[in-house]
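All remarks here apply to the structure that follows.
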Amino acid sequence: MNKIRIVIIGSGWVTENRHIPALLKNKNFEITAVVGKDENKVRLLAKKYKIKMAYFGDATKNTKWLEICDAVMIGIDPLNHHKVAKFCLNHGKHVLMEKPLTVLIKDSEDLVKIANKSKLKFGIVHNFQFSDSSKKLDKELISGKLGKLKVVFAFQFGNPKRRLPSWYEKLPWGLFFDESPHLLYLLDKYAKGISLVNATKFNSSSGMQTPASVIANFKTNLGVPASIYLNFESPLSEWYLLVIGEKRFGILDVFRDTYYSLPNDGAHKAFDILRTTKKNIIEQIKGTVTSGFKVIRKDYLCGNEKIVDLFANAVLKNSNLSPISIIDAYRINKLQFEIMNKAEIVK
């Protein structure tokens with residue numbers, strides 16, 4: 001196999017702006033077709049990226065595309081992940097799929113069994129752990145610049161007026177189910193493994209499936225506290241990971257793909273406060289400008305380029321897909337269900 005022939009299943013925003021651009025940058029892939037239910041979107045996508053073949057309708061029904069691929073990139077709504085991924089595995093295709101894994105834990109377990117039995121490669125798009133900002137954090141951790149870690153904390157604020165998929169309210173706990181994997185796998189990576197201690201859900205103030213907020217606390221293999229906080233009724237949309245050490249305070253801005261750390265401010269006197277403020281302002285501006293240029297160059301892929309590279313190596317060289325294997329996907333998916341099943345509900 002000189003190149004992996006891959007078919008795109010889905011025609012949404014993440015497929016158009018993340019999956020396809022990342023695949024096109026990788027010399028190991030040839031995109032042979034795009035498949036989707038929205039005929040107009042599929043046609044536009046095929047035209048934009050000069051994809052020769054386009055198929056319309058349910059990918060498990062209109063199946064001519066099976067003849068021209070070795071693998072699939074699935075970017076459809078999570079409600080159909082199990083059906084389509086299972087169909088592809090049963091027809092001998094390697095699978096790379098957008099998170100979350102599935103909306104029923106039994107369906108996730110089913111995919112794990114099928115993938116393991118078939119010996120096919122199954123990867124999940126847990127991309128932000130490979131972003132440029134995450135790489136910078138990795139370097140500081142390896143060098144010991146942050147010092148002994150004390151806390152790992154991830155939080156997100158979501159503005160309900162931002163661009164959102166049409167199907168999110170059909171998911172268990174709505175947007176929580178679609179977006180929480182990002183914070184969970186980041187927390188899992190930097191805390192060296194997490195297990196749930198307790199969780200609290202505050203119901204929506206407007207009767208939506210998506211909660212107002214969710215809080216969860218975890219034990220960690222690193223032996224430090226770890227928590228996530230998700231709010232879905234905010235006037236701002238911001239996602240952050242804080243990695244707090246004895247020497248420095250690491251700040252990873254997920255949306256802007258920036259990372260920097262602030263020094264220990266000692267006695268917190270006027271000079272210490274001014275130094276922290278100055279550093280914070282400078283790094284925010286630098287990071288925003290750098291990411292802005294990526295957007296202009298259409299190179300703002302947020303780690304997706306690494307995802308497709310890992311997938312390519314797994315298919316071509318039979319290498320391990322960790323940390324984006326189906327086992328990793330299942331572990332994060334299982335944490336989602338544990339939070340939903342064990343959370344104290346506040347109405």
Side-chain angles (χ1 to χ4, degrees), residues 78 98-109 124-129 134 137 149-160 164 168-206 208-234 236-245 249-255 323-324 327-347:
E98 182 61 38
K99 57 75 202 158
L101 187 52
T102 78
V103 297
L104 293 173
I105 195 65
K106 68 179 181 63
D107 287 345
S108 295
E109 291 168 350
I124 197 78
V125 182
H126 285 175
N127 55 292
F128 286 118
Q129 63 185 310
S134 290
L137 170 56
L149 291 193
K150 294 293 185 180
V151 179
V152 184
F153 177 58
F155 67 89
Q156 78 170 70
F157 295 97
N159 186 334
L164 292 170
Y168 76 88
E169 271 294 283
K170 297 177 183 178
L171 301 177
W173 287 21
L175 273 179
F176 166 82
F177 199 82
D178 185 47
E179 296 182 341
S180 62
H182 288 309
L183 297 191
L184 289 170
Y185 69 69
L186 285 172
L187 212 64
D188 188 66
K189 173 183 177 179
Y190 290 107
K192 307 299 183 184
I194 57 176
S195 55
L196 183 67
V197 175
N198 55 56
T200 304
K201 172 197 176 189
F202 291 82
N203 282 345
S204 167
S205 63
S206 56
M208 297 183 71
Q209 181 79 354
T210 300
S213 62
V214 177
I215 304 166
N217 298 301
F218 304 89
K219 291 190 295 186
T220 71
N221 291 340
L222 197 60
V224 301
S227 303
I228 60 170
Y229 173 77
L230 304 95
N231 184 290
F232 300 98
E233 297 184 351
S234 168
L236 292 176
S237 295
E238 300 286 351
W239 293 19
Y240 281 87
L241 176 75
L242 307 180
V243 182
I244 304 166
F249 190 109
I251 302 170
L252 193 159
D253 184 333
V254 177
F255 273 168
I324 62 163
I327 299 303
D328 300 296
Y330 174 66
R331 185 176 68 254
I332 298 303
N333 194 225
K334 189 177 178 182
L335 276 171
Q336 291 184 279
F337 286 105
E338 287 178 359
I339 291 170
M340 292 189 294
N341 292 333
K342 296 180 181 179
E344 175 188 358
I345 308 298
V346 180
K347 297 182 179 180

Task: Nearest non-hydrogen partners of Tyr229 and Phe157, listed with the distance - done: CE2-CE2, 3.7 Å
TODO: Look at the side chain of Gln209 and the backbone N and O of Pro172, then say whether any donor-acceptor pair between them is shorter than 3.5 Å.
DONE: no
Open item on the list: What I'd like to find out is whether the side chain of Leu196 reaches to under 4.5 Å of the side chain of Ile339, using heavy atoms alone.
Closed with: yes
Open item on the list: Do Val152 and Val224 make a side-chain contact, defined as non-hydrogen atoms from C-beta onward lying under 4.5 Å apart?
Closed with: yes
Open item on the list: With a 3.5 Å distance limit and no angle check, can you tell me whether Lys189 reaches the backbone of Gln129 through a side-chain donor-acceptor pair?
Closed with: yes
Task: Closest heavy-atom pair and its distance - Ser234, Pro160 - done: O-CD, 3.5 Å
Task: Gap separating the CZ atom of Phe232 from the CZ atom of Phe202, nearest 0.5 angstrom - done: 13.5 Å
Open item on the list: Once you measure the plane-to-plane angle for Tyr185 and His126, does it fall in the parallel (<30°), tilted (30-60°) or perpendicular (>60°) bin?
Closed with: parallel
Open item on the list: Measuring from atom CG of Leu171 to atom CG of Asp178, what distance do you get when rounded to the nearest 0.5 angstrom?
Closed with: 6.0 Å
Open item on the list: Phe155 vs Leu183, test: side chain to side chain contact (heavy atoms under 4.5 Å, CB included). Steps then yes/no.
Closed with: CA-CA 7 Å; Phe155 67 89; Leu183 297 191; 5.7 Å; no
Open item on the list: Do Leu137 and Tyr190 make a side-chain contact, defined as non-hydrogen atoms from C-beta onward lying under 4.5 Å apart?
Closed with: yes
TODO: Could you check if a side-chain atom of Leu187 sits within less than 4.5 angstrom of a side-chain atom of Leu241, using non-hydrogen atoms only?
DONE: yes
TODO: Could you pull out the closest heavy-atom pair between Leu175 and Thr210, with the gap in Å?
DONE: N-OG1, 2.9 Å
TODO: Go through the steps for Thr200 and Val346 under the test side chain to side chain contact (heavy atoms under 4.5 Å, CB included), then give the verdict.
DONE: CA-CA 7 Å; Thr200 304; Val346 180; 3.7 Å; yes
Task: Spacing of Leu186 atom CG and Ile194 atom CD1 [to the nearest 0.5 Å] - done: 10.0 Å
Open item on the list: So does Lys192 get a backbone contact from the side chain of Asn221, meaning a donor-acceptor N/O pair under 3.5 Å?
Closed with: yes
- [ ] Determine whether Leu230 and Gln156 make a side-chain contact, defined as any pair of heavy atoms from C-beta on separated by less than 4.5 Å.
- [x] yes
- [ ] Taking the side chain as every heavy atom from C-beta outward, state whether Phe176 and Lys201 have any atom pair closer than 4.5 Å.
- [x] no
Task: Sidechain-backbone polar pair: Thr102 side chain, Ser108 backbone, donor-acceptor under 3.5 Å - done: yes
Open item on the list: Could you check whether any side-chain heavy atom of Phe153 comes within less than 4.5 Å of a side-chain heavy atom of Tyr240, counting everything from C-beta outward?
Closed with: no
TODO: Quick one: pull up CG in Asn198 and CD in Glu344 and give me the separation to the nearest 0.5 Å.
DONE: 9.0 Å
Task: Distance, nearest 0.5 Å, that separates CG of Asn159 from CD of Glu238 - done: 10.5 Å
Task: Side chain Ser134, main chain Phe128, donor-acceptor under 3.5 Å - done: yes
Task: Closest heavy-atom pair and its distance - Ile332, Pro181 - done: CG2-CA, 3.9 Å
Task: Point-to-point distance, once rounded to the nearest 0.5 Å, from OG of Ser227 to CZ of Phe218 - done: 7.5 Å
TODO: State, with a plain yes or no, whether a side-chain heavy atom of Ser205 is found less than 4.5 Å away from one of Glu233.
DONE: yes
- [ ] Examine Phe177 together with Phe337 and report whether their ring centres are nearer than 6.0 Å.
- [x] yes
